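Below: one structure, written as structure tokens.
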Amino acid sequence: MYKSEQLAKQIRHLIENGTLKAHEKLPSLREQVQISGFSLITVMNAYQELESRGLIYAREKSGYYVSNTIVDVELARPLIVSLNSKVEINSLVFQYLKSIQGEHIVPLGSAFPSQDLVFSKKLTQIMGQIARNKKSYDAIDNLPPGNLFLRKLIAQRYCMQGIPTDADDIVITSGCMDALNLSLQAIACPGDYIVLQQNIFYGALQAAERLGLKVVTIPEHPQHGFDLEAFEHILKTYPVKVCWLMLNAHNPIGFTVNEEIKLKIAELLHQYQVHLIEDDVYEEMYFGQQKPLPMKYYDQNNLVLHCSSFSKTLGAAFRVGWVYAGKYSQHIQHLQLMSTISVNALLQNALVDFISNYHYEKHLRILRKSLQQNKLQFYRYIESHLPKGCKLHYYPGGYFLWLKLPESVSSMQVYEQLIQQNIGISPGQLFNVSEQKSQCLRLNCSFEWNEQFQQAVDTLLHSIGTFEAT
Ligand SMILES: Cc1ncc(COP(=O)(O)O)c(C=O)c1O
């Protein structure tokens with residue numbers, strides 16, 4: 001065993017036996033060198049190992065803290081995979097999204113990050129300049145696969161993560177949802193088997209419904225988020241064509257799967273020759289020092305189509321995303337020309353200016369910091385006022401908290417009661433087709449904590465308490 005693994009194991013043991021508590025600060029790297037007698041590089045490796053496993057997280061300029069991942073052992077056993085031959089979720093999602101629209105609704109149920117965080121004044125200035133320049137209106141240069149300069153800038157960002165990428169690998173799309181749908185359409189036909197995580201962004205369920213796919217779901221692993229054993233079992237059992245997975249800052253739960261597991265997933269995809277559509281729309285919303293790697297990094301065989309967008313970092317209003325399509329680029333462009341034709345040329349040009357002049361990186365640094373602060377503030381308040389029988393799942397990254405309610409309480413009932421009081425929350429049923437009744441709900445915590453949110457959270461917790469009592 002390497003020395004760093006030995007040290008990581010010792011610290012893990014302290015976390016597991018409760019000596020180190022959730023959100024407690026770990027000794028600094030230099031203090032740990034003194035305490036353990038290991039070298040600085042060994043200590044750094046051990047901390048990074050624990051961070052990649054989600055056991056600790058880093059706060060900028062402050063150090064490392066213990067996550068509360070270990071307590072998540074209740075998250076999702078038993079180890080059952082389930083098959084759903086006919087998904088029907090669209091009507092529920094449609095009704096739900098209608099119900100939470102409107103300025104008067106407290107947006108705890110929204111999937112969009114707070115406007116205060118994603119709005120960039122610099123970008124609006126650039127958009128103004130672009131709009132006044134006649135050359136920016138050239139639609140031809142922005143037809144599929146999209147603006148060459150924007151694709152080059154996106155390709156550079158992959159290269160920075162050690163993923164060799166050419167501008168020709170990228171297709172610009174109308175947001176991440178378009179990228180995901182086009183990719184799925186390029187790979188799967190009606191009646192094919194698709195693997196989804198048991199709890200997943202409802203867009204994946206809608207896409208499966210639209211294409212008439214048979215859905216096999218993998219339960220979340222209580223500690224690692226992703227259950228490799230169940231995944232392998234599914235690949236052995238069903239003639240799976242494609243998977244659609246979220247492994248970084250998962251929506252709705254929030255976990256990030258560690259790099260070891262990602263590597264094993266890539267090996268299994270290769271072994272069974274199964275494609276992966278990777279939804280990595282929250283890729284920039286990590287709280288640690290290092291951006292988690294996408295599955296694309298481990299993809300030696302062109303099986304992964306990596307999809308993302310600017311929706312979570314600059315605002316969903318932009319509707320600009322992309323797919324790392326690789327050899328599927330032509331096919332996806334064909335599909336695109338039959339549907340949306342192309343992505344807004346003015347916005348593509350504005351993003352080129354914004355990113356190439358380093359404004360995007362600066363914006364992301366500030367965004368991550370604020371998100372982390374806001375999410376922690378929600379977490380601390382809710383955790384300290386939690387009704388009996390509830391369990392709150394916090395993971396460093398993204399902006400969702402996942403709340404498990406007591407056995408007797410249905411999240412749909414809570415949602416229905418709260419929406420009458422103009423408070424939106426996302427009931428677990430939106431993310432899960434294998435459960436008739438879900439005891440979980442998702443909360444958007446990207447907002448600055450204020451009286452309005454405190455009142456809404458108080459109402460939510462009170463409502464759970466009253467359902468529990470009846
Ligand atoms: C997990 C996930 N994937 C994809 C999307 C869609 O992203 P976009 O708005 O870029 O289409 C969302 C939006 O909420 C999401 O939460």
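Just so we're clear, the structure is a prediction, and the values are computed from it rather than from any experiment. Start at 1 and go down the list; that is how both ligands and their atoms are numbered.
- By the 30° and 60° cut-offs, the orientation of the rings of His250 relative to Phe255 is parallel.
- When hydrogens are left out, the protein atom nearest atom 7 (O) of ligand 1 is Cys176 CB, 3.5 Å; that is the closest non-hydrogen contact.
- The nearest protein atom to atom 3 (N) of ligand 1, hydrogens excluded, is given as Asp279 OD2, 2.6 Å; this is a heavy-atom distance.
- Residue Ser311 has at least one heavy-atom neighbour below 4.0 Å for each of these atoms of ligand 1: 8 (P), 9 (O), 10 (O).
- Close approach to Met246 involves these atoms of ligand 1, each under 4.0 Å from a residue heavy atom: 1 (C).
- Considering backbone and side-chain N/O of Asp178, none are found under 3.5 Å from N/O of ligand 1.
- For atom 9 (O) of ligand 1, the nearest protein heavy atom (residue, atom name, distance) is Arg319 NH1, 2.9 Å.
- Proximity to Gly175 (heavy-atom distance under 4.0 Å) selects the following atoms of ligand 1: 10 (O), 11 (O).
- The protein atom (non-hydrogen) at minimum distance from atom 6 (C) of ligand 1 is Met177 N, 3.9 Å.
- Judged by distance alone, the side chains of Glu259 and Tyr298 do bring a donor and an acceptor atom under 3.5 Å apart.
- The aromatic rings of Tyr379 and Tyr394 sit tilted relative to each other, their planes meeting at an angle between 30° and 60°.
- A donor atom on one side chain and an acceptor atom on the other are found under 3.5 Å apart for Tyr158 and His306.
- Counting protein heavy atoms only, atom 12 (C) of ligand 1 is closest to Phe201 CZ, 3.5 Å.
- Contact annotation: for Tyr282 versus ligand 1, heavy atoms closer than 4.0 Å belong to the side chain alone.
- With respect to atom 14 (O) of ligand 1, the closest heavy atom belonging to the protein is Lys312 NZ, 2.7 Å.
- A salt bridge links Glu284 and Arg157; the closest N-O separation between the charged side-chain nitrogens and carboxylate oxygens is under 4.0 Å.
- Contacts between Ser309 and ligand 1 below 4.0 angstrom, taking non-hydrogen atoms only, involve the side chain exclusively.
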